[in-house]
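Read through the structure below, which is laid out as structure tokens, and then see the notes.
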Amino acid sequence: MLTYIVLLGPPGAGKGTQSKVLASELDVPHISSGDIFRDNIKNDTPLGRLAHKAISKGELVSDDLTIAMLRERFMQRDCANGAILDGFPRNPVQAEALEELLNSFGGQVNLVLFITSPVKSLIERLAGRWTCQAQGHTYHECFNPPKEKGICDIDGSALYQREDDKAETVLNRIEIYQNQTAPLIKYYDERGILARIDGVESIEKVSAQLMSVLKC
Ligand code: ADP
Ligand code: AMP
């Protein structure tokens with residue numbers, strides 16, 4: 001069966017962290033729209049140059065650019081049997097585009113895992129997040145520290161703090177999430193495919209909740 005799972009939730013809820021666990025358990029790719037944008041910025045591509053301004057301010061990149069980027073990603077072979085989608089869709093227009101895209105090769109969104117967390121802990125998590133240069137692995141200076149400070153456990157690359165994790169940008173991102181992305185909760189709930197996950201627990205406990213939903 002094709003398995004396309006969307007992780008939904010505010011910035012800092014733990015979508016990236018949990019997507020990696022799920023992708024490895026299910027042996028499907030983890031597609032993070034934010035990671036793809038950041039790679040393009042790092043490599044100074046035309047897409048990276050177009051997206052950089054919006055990302056640095058914590059705003060959403062235009063739907064046209066984002067949907068085209070995801071369409072290209074879905075054309076790669078590794079997505080044929082499923083994928084974990086992290087950060088896409090971010091609004092109802094993108095959700096409709098995703099449905100159309102998956103339908104075009106016989107797929108559909110099977111499950112949406114909505115990770116909830118109070119604003120206070122989102123801010124705390126983003127303020128302490130360290131991201132790896134090479135592949136976007138994430139750590140937290142208190143809750144999930146790397147073995148060696150500043151170095152990724154997995155690939156040995158340097159860790160950095162994201163420009164959009166600055167306090168003032170984080171508040172903007174949370175507001176944008178509430179106005180533009182949160183309507184997707186109702187959108188997917190009405191389709192009967194939304195599961196709510198309590199994201200306040202430890203990383204391991206949240207993973208356990210996700211795995212138990214998958215077994216249902
Ligand atoms: P998102 O992808 O939703 O923006 P991340 O997965 O990058 O969020 O997590 C944000 C930060 O919070 C990271 O530093 C991560 O290590 C940390 N984190 C993720 N899940 C938890 C958790 N359940 N408890 C504590 N810290 C967490
Ligand atoms: P993330 O890594 O998911 O936190 O995303 C980082 C930033 O990339 C966001 O704040 C947006 O500027 C941009 N971005 C990521 N995904 C999308 C998307 N689906 N639509 C528009 N912008 C996005």
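Just so you know, ligand 1 is whichever comes first in the structure, and atom 1 is the first atom listed for that ligand.
- Between the Y187 side chain and the N91 main chain, no donor and acceptor come within less than 3.5 Å of each other.
- Nearest to atom 20 (N) of ligand 1 by heavy-atom distance, out of I203, L8, D35, I115, is I203.
- Shown here are the ring-ring contact (aromatic ring centres under 6.0 Å, His included) partners of Y160, two or more places apart in sequence or in another chain: there are none.
- Scanning all heavy atoms of the two residues, the minimum distance from K20 to G136 falls at NZ-O, 3.5 Å.
- The distance from ligand 1 to the heavy atoms of T17 drops below 4.0 Å at these ligand atoms: 5 (P), 6 (O), 9 (O), 15 (C), 19 (C).
- Close approach to K15 involves these atoms of ligand 1, each under 4.0 Å from a residue heavy atom: 1 (P), 2 (O), 3 (O), 4 (O), 6 (O), 8 (O).
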*List the steps, then state whether side-chain contact (heavy atoms from CB on, under 4.5 Å) holds for H52 with I55.*
CA-CA 5 Å; H52 182 251; I55 293 181; 5.6 Å; no
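- Near S202, meaning under 4.0 Å from any of its heavy atoms, are these atoms of ligand 1: 23 (N).
- Side-chain polar atoms of D155 and S157 form a donor-acceptor pair below 3.5 angstrom.
- The heavy atom nearest to atom 13 (C) of ligand 1, considering only Y139, W130, Y177, is found in Y139.
- Side-chain N or O atoms of D44 include none that pairs as donor or acceptor with a backbone N or O of N40 at under 3.5 Å.
- Residue P11 places no N or O, backbone or side chain, under 3.5 Å from any N or O of ligand 1.
- Each of the atoms 1 (P), 2 (O), 6 (O) of ligand 1 lies under 4.0 Å from some heavy atom of G16.
- The two residues C79 and R73 have their closest heavy-atom pair at SG-NH1, 3.4 Å.
- For ligand 1 and H140, the ligand atoms under 4.0 Å from any heavy atom of the residue are 14 (O), 16 (O).
- Short contacts between ligand 1 and F143, defined as distances under 4.0 Å to a heavy atom of the residue, involve ligand atoms 25 (C), 26 (N).
- Protein heavy atom at the shortest distance from atom 7 (O) of ligand 1 is R129 NH1, 2.6 Å.
- Contacts of P10 with ligand 1, taken as heavy-atom pairs under 4.0 Å, involve the backbone alone.
- Ranking the protein heavy atoms by distance from atom 8 (O) of ligand 1 puts G14 N, 3.3 Å first.
- Within the set R125, E141, Q18, R173, the minimum heavy-atom distance to atom 11 (C) of ligand 1 is found for R125.
- The heavy-atom pair separating K149 from P146 by the smallest distance is CA-CG, 4.4 Å.
- In terms of protein heavy-atom proximity, atom 4 (O) of ligand 1 is nearest to G12 N, 2.8 Å.
- I151 and G156 get closest at one heavy-atom pair: CG2-O, 3.7 Å.
- Residue-to-ligand polar distances keep V206 apart from ligand 1: every N/O pair is separated by 3.5 Å or more.
- The shortest heavy-atom distance from G9 to ligand 1 is not under 4.0 Å.
- Within ligand 1, the atoms closer than 4.0 Å to a non-hydrogen atom of E201 are 22 (C), 23 (N), 24 (N), numbered from 1 in the order shown.
- Side chain of S19 to backbone of H30: no donor-acceptor contact under 3.5 angstrom is found.
- Listed as neighbours of ligand 2 are S33, G34, F37, R38, I55, E59, L60, V61, T66, G87, F88, R90, Q94, R162, D164, R173, each bearing a heavy atom under 4.0 Å from the ligand.
- Atom CD in Q94 sits 4.5 Å away from atom CG in D63 (nearest 0.5 Å).
- Here H140 pairs with F143 under the ring-ring contact (aromatic ring centres under 6.0 Å, His included) rule; sequence neighbours left out.
- Although no hydrogens or angles enter the test, the distance criterion places a donor-acceptor pair under 3.5 Å between the side chain of D153 and the main chain of K147.
- Here's the thing with G128: none of its N/O atoms is less than 3.5 angstrom from an N/O atom of ligand 1.
- The backbone N or O of I197 lies less than 3.5 Å from a partner atom in the side chain of T116, making a donor-acceptor pair.
- Residues that satisfy the side chain to side chain donor-acceptor pair (under 3.5 Å) test with T181, not counting sequence neighbours, are absent from this structure.
- By the criterion of a heavy-atom distance under 4.0 Å, neither the backbone nor the side chain of S19 is placed next to ligand 1.
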